[in-house]
Amino acid sequence: MSTKPEDIFKNIVSHCKEYGYIFQSSEIYDGLSAVYDYAQNGAELKKNIREYWWKAMVQLNENIVGIDAAIFMHPTTWKASGHVDAFNDPLIDNKDSKKRYRADVLIEDFVAKIEDKILKEIEKAAKRFENFDETVYRSTNARVIEYQTKINDINLRFKTALNDNNLNEIRQLIIDCEIVCPISGTKNWTDVRQFNLMFSTAIGSVSDEANTIYLRPETAQGIFVNYLNVQKTGRMKLPFGIAQTGKAFRNEIVARQFIFRMREFEQMEMQFFVKPGTEMQWYEHWKNNRLKWHLSLELGKHNYKFHDHIKLAHYANAACDIEFQFPFGFKELEGIHSRTDFDLKQHEQHSGKKLQFFDVEENRSYVPYVVETSVGLDRLFLSILSAAYKEEKLEGGDSRIVLSLPPALAPIKVAVFPLVKKDGLPELAEKIITELKYNFNVSYDEKDTVGKRYRRQDAIGTPFCVTVDHQSLQDNTVTVRNRDTMNQERMPISNLLAYFEEKVSLKSLLKQL
RNA sequence: GCGGAAGUAGCUCAAUUGGUAGAGCUCCAGCCUUCCAAGCUGGAGGUUGCGGGUUCGAGACCCGUCUUCCGCUCCA
């Protein structure tokens, strides 16, 4: 087992498979690229993370409610959000420089270059002639006319090709224009390919273009389209938030790094609706609040940092990421964006419905501003797992692999062992299991030496092991072994429930917030 | 998507020039009865990712394909 930093990530990925956390999707059919399944332990951990987030957002904040909107949404939703137009780019690669370009941008840049030439001609002419009339010049100068004709031809072909979705024609246009790659200077182009970031499918049993719907690329729009419904039926007043967890789907060009970037993934988002003008104050509030939530997991303060966006998306007036130090470097974990009133206004326009809030104090209606917190559940899962994964060297040359998961998030909270498989010890252990199983996920193991059983539980991150020995039969006490310290403590069986309740429940995490 | 590398048991890896697919760990059934892995016996587990080709013979060589890793590229 190597401890070189570049190997740690590989080891974590293997560990995930070997101990039932994450399997590749459809593995028996050679797998499906960038799609993964959560296994028996992974599903528990993921569920616990989701629950912690949900309680921190919804249960602890009186003015935040949660919804569960459908993955299928009316197609117009994605026109309004900008996903249909903004993310359907025809792409082309130069085979020599290996650089990728948007085919439409290459053509537009080429057209812009010709237009520059026309402008230069006009500039020169304007200096030469008095009483210069640009319109006349444009319609009479042979060179300008030639340029303009070329532009018109290109634009016509380009427009037709786009409308017909004729990717071959777009490529031919690039070749005919003799457009070269600015890096390699060659015209050695691949085919033009369309990358649709959204997955589409057909609703209804008869396939028909009009029935195309998309699998949502983000959960946020499910919140925006329900803004008014929730505000009215929940009698919500600004500022208030709507939270949601759920699957989203993106047809990534390159999806890699295990579960960090998957085609199907789960988001945990909260859209916080505020009075315009107060958004920066709430933006700061949620930045701090969300970082505090992450730090409560005690995975190391040094593993987190803010990354402010300098280049903002079209809908935002402030944005930052909370980044986490993954084994492959600092990467985005959660985004906090001040989205202005962009989304609600877009939906107002496309739906024709007013999505406003009546402010009693000001006696007027307005479209609220939105501050968004959006965290990837799968990335959060990976961050927790990779921080928890430890290859320890113990005294005496021993080593062990332990997942030091936050106890409240561990898939199994307590394992119960009979020290030996006889003398009535298994029976007493089973009795303890029965007492604990209504409160916690518990596990029983009687196979192999007790030391081996401890290691097995360490590997899946079980925070506590209870061992029943011969003394237990006499005085009803057992030993409780701590995963991280490996220390043992003897206590009465009757104390176990309260002891574990304090150590492994979400309550202790929530109280830190 | 491009370039490079890889794919053999659940895991980690062997298999000389192309010549009978193996080990350790894990797992299962027992033995032992032990508070921190690696004691003993037995057992299960493989069309060598998949498909084709060359060959008397392919885990190895060739072609295709799928998946993974690294770099580039893209990223709401």
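Residue numbers start from 1 in every chain, and the chains themselves are labelled A, B, ... in the order their sequence lines are given, proteins ahead of strands. Any value given below was found using the heavy atoms of this structure, including those in side chains, with hydrogens, waters and symmetry copies removed. Remember, it's a predicted structure, so these values are computed and weren't measured experimentally.
Side chains of A:I384 and A:L405 form a contact here, defined as non-hydrogen atoms less than 4.5 Å apart. Here the side chains of A:L228 and A:K353 are not in contact, with every heavy-atom distance at 4.5 Å or above.
When all heavy atoms are compared, the tightest approach of A:F324 to A:A387 is CZ-CB, 4.0 Å. Scanning all heavy atoms of the two residues, the minimum distance from A:W78 to A:E218 falls at CH2-O, 3.7 Å.
If you check residues 478-500 of chain A against RNA chain B, the residues with a heavy atom closer than 4.0 Å are A:T479, A:R481, A:M486, A:Q488, listed by number. Proximity of residues 464-476 of chain A to RNA chain B (heavy atom under 4.0 angstrom from any strand atom) is restricted to A:T467, A:D469.
Computed from coordinates, the A:E218 CD to B:C75 C1' distance equals 14 Å when rounded to whole Å. Separating the CZ atom of A:R379 from the C1' atom of B:A76 is a distance of 12 Å, rounded to the nearest angstrom. Whole-Å rounding puts the A:L419 CG to B:C35 P distance at 6 Å. Atom CD1 in A:I259 sits roughly 12 Å away from atom P in B:C69 (whole-Å rounding). We find that CG of A:N11 is positioned 14 Å from C1' of B:C13, with the value rounded to whole Å. Atom CZ of A:R453 and atom C1' of B:C35 are 9 Å apart (whole Å). When the P atom of B:C75 is taken as reference, atom NZ of A:K331 falls 14 Å away, rounded to whole Å. B:U68 atom P lies 14 Å from atom CZ of A:R261, rounded to whole Å.
Checked against B:A76, B:U33, B:C36, the side chain of A:V420 finds its nearest nucleotide in B:U33. Minimum atom distance to the side chain of A:P217 is reached by B:A76, of the listed B:C35, B:A76, B:U12. Minimum atom distance to the side chain of A:K10 is reached by B:C69, of the listed B:C69, B:C35, B:A76. Closest approach to the A:K17 side chain among B:C35, B:G10, B:U68 is made by B:G10 (side chain taken as heavy atoms from C-beta onward).
On the P atoms, B:G7 is 25 Å away from B:G45, given to the nearest whole Å. Comparing the same atom, P, in B:G49 and in B:C31 gives a spacing of 40 Å after rounding to whole Å. Comparing the same atom, C1', in B:U68 and in B:U54 gives a spacing of 28 Å after rounding to whole Å. With both ends at atom C1', the span from B:C13 to B:A21 equals 14 Å, rounded to whole Å. Between B:G46 and B:G22, the distance separating the two C1' atoms is 11 Å to the nearest Å. Between B:C62 and B:U26, the distance separating the two C1' atoms is 37 Å to the nearest Å. Nucleotides B:C56 and B:A9 have their P atoms positioned 30 Å apart, rounded to a whole Å. Here the separation of B:G57 from B:U20, taken at their P atoms, is 15 Å to the nearest Å.
The residue A:F328 sits apart from the nucleic acid: no heavy atom pair falls under 4.0 Å.
With sequence neighbours excluded, the residues forming a side-chain hydrogen bond (donor to acceptor under 3.5 Å, both in side chains) with A:D448 are A:R456, listed by chain and number. In terms of the side-chain contact (heavy atoms from CB on, under 4.5 Å) criterion, residue partners of A:D458 (sequence neighbours excluded) are, by chain and number, A:R400, A:V402, A:R455, A:R481, A:R483.
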Could you list all N or O pairs between the protein and nucleotides 25-30 of chain B that sit under 3.5 Å apart?
residue: B:U26; atom: OP1; partner: A:K452; partner atom: NZ; Å: 3.3
residue: B:C27; atom: OP1; partner: A:R456; partner atom: NH1; Å: 3.2

For nucleotides 39-44 of chain B, print each protein N/O atom paired with a nucleotide N/O atom at under 3.5 Å, atom names and distance only.
none

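Each of A:K422 and A:Y36 lies near RNA chain B, and the nucleotide nearest A:K422 is the one positioned closer to the 5' end.
Side-chain contact of A:Y214 with A:T77: a donor-acceptor pair under 3.5 Å is absent, judged by distance alone. A:S81 and A:Q221 form no side-chain donor-acceptor contact under 3.5 Å, judged by distance and modelled atom types alone. Side-chain N/O atoms of A:D484 and A:S404 include a donor and acceptor closer than 3.5 Å. Side-chain atoms of A:Q271 and A:E372 form a donor-acceptor pair, as typed in the model, at a separation below 3.5 Å. Side chain to side chain, A:N11 and A:S14 fail the donor-acceptor criterion of an N or O pair below 3.5 Å.
In this entry B:C72 has B:G1 as its Watson-Crick or G-U wobble partner, both defining distances falling under 3.5 Å. B:G7 is paired with B:C66 under the Watson-Crick or G-U wobble criterion, all donor-acceptor distances under 3.5 Å. Nucleotide B:A58 has no partner under the Watson-Crick or G-U criteria, as no pair reaches both atom distances under 3.5 Å. B:U41 is paired with B:A29 under the Watson-Crick or G-U wobble criterion, all donor-acceptor distances under 3.5 Å. Across all strands shown, nothing is found opposite B:C35 as a Watson-Crick or G-U wobble partner with both distances under 3.5 Å. Using N1 to N3 plus N6-O4 or O6-N4 for Watson-Crick, or N1-O2 and O6-N3 for G-U wobble, each under 3.5 Å, B:G18 pairs with nothing.
Ring-plane geometry between A:W282 and A:F272 is classed as tilted, the angle between the planes lying from 30 to 60 degrees on a 0 to 90 degree scale. Taking the six-membered ring where tryptophan is involved, the planes of A:F417 and A:Y454 are tilted, since the angle between them lies from 30° to 60°. The aromatic rings of A:F9 and A:F258 stand perpendicular to each other, their planes meeting at an angle above 60°, with 30° marking the opposite boundary.
Between A:Q24 and B:U67, a side-chain N or O to OP1/OP2 separation shorter than 4.0 Å is absent.
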Decide yes or no on salt bridge (Lys or Arg N to Asp or Glu O under 4.0 Å) for A:R490 and A:D469, but give the supporting numbers first.
CA-CA 11 Å; A:R490 184 168 279 278; A:D469 56 17; 2.4 Å; yes
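Checking side-chain atoms of A:Q244 against main-chain N and O of A:T219 turns up a donor-acceptor pair under 3.5 Å. Checking side-chain atoms of A:R250 against main-chain N and O of A:P217 turns up a donor-acceptor pair under 3.5 Å.
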